[in-house]
Amino acid sequence: MIRLDRNMMLTVDEYMALRRLIDSERESEGAEEEAKATKPKRRTRSAKKNDKKMSMALAQANQELRKVNGDLRKGVTQGDVMTRAHRIKKTL
């Protein structure tokens with residue numbers, strides 16, 4: 001670890017050279033290449049099926065618990081909407 005004086009100023013060229021050095025160190029560790037190489041995990045058939053059911057259940061619960069202008073009915077919270085949606089999902 002190099003200790004630098006707090007009052008020391010770097011020129012733009014020195015700063016850019018330092019940044020390139022740091023970036024090359026990161027690349028040599030393979031961090032960037034490894035992050036790019038990993039693919040997102042594929043969704044399973046059952047997960048997709050559950051998401052579809054939950055989407056339909058949320059639409060139904062929102063329709064039941066919201067007014068025509070989109071506001072929640074009096075005394076109803078977003079948590080109530082989610083609770084009802086989970087209950088509806090069980091029946092689908």
Crowded around R66 CZ? As in, over 12 foreign heavy atoms under 6.0 Å?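 Yes, because the 6.0 Å sphere around CZ of R66 holds more than 12 heavy atoms from other groups.
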Near Q78 CD, under 6.0 Å, is it more than 12 heavy atoms from other residues, nucleotides or ligands?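 Count over threshold, so yes.
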If you measure from [atom1] on [X] to [atom2] on [Y], what distance do you get to the nearest 0.5 Å?
| X | Y | atom1 | atom2 | result |
| --- | --- | --- | --- | --- |
| T77 | D80 | OG1 | CG | 3.5 Å |
| K53 | L58 | NZ | CG | 14.0 Å |
| K52 | L92 | NZ | CG | 11.5 Å |
| D71 | L65 | CG | CG | 13.0 Å |

Are the side chain of N62 and the backbone N or O of A59 linked by a donor-acceptor pair below 3.5 Å?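 No; judged by distance alone, with no hydrogens or angles, the pair does not exist.
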Can you check whether G79's main-chain N or O pairs, donor with acceptor, with T83's side chain at less than 3.5 Å?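 Answer holds: yes.
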Could you check whether any side-chain heavy atom of [X] comes within less than 4.5 Å of a side-chain heavy atom of [Y], counting everything from C-beta outward?
| X | Y | value |
| --- | --- | --- |
| M16 | V12 | yes |
| L72 | V81 | yes |
| K89 | Q60 | no |
| V76 | R73 | yes |
| I88 | M56 | no |
| H86 | M82 | yes |

Before giving the answer on salt bridge (Lys or Arg N to Asp or Glu O under 4.0 Å), spell out for R19 and D23 the whole-Å C-alpha distance, their side-chain angles and the decisive distance to 0.1 Å. CA-CA 6 Å; R19 290 299 309 162; D23 290 341; 3.8 Å; yes
Smallest separation among heavy atoms of A85 and A57, with atom names: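 Between these two residues, the closest heavy atoms are O-CB, 3.2 Å.
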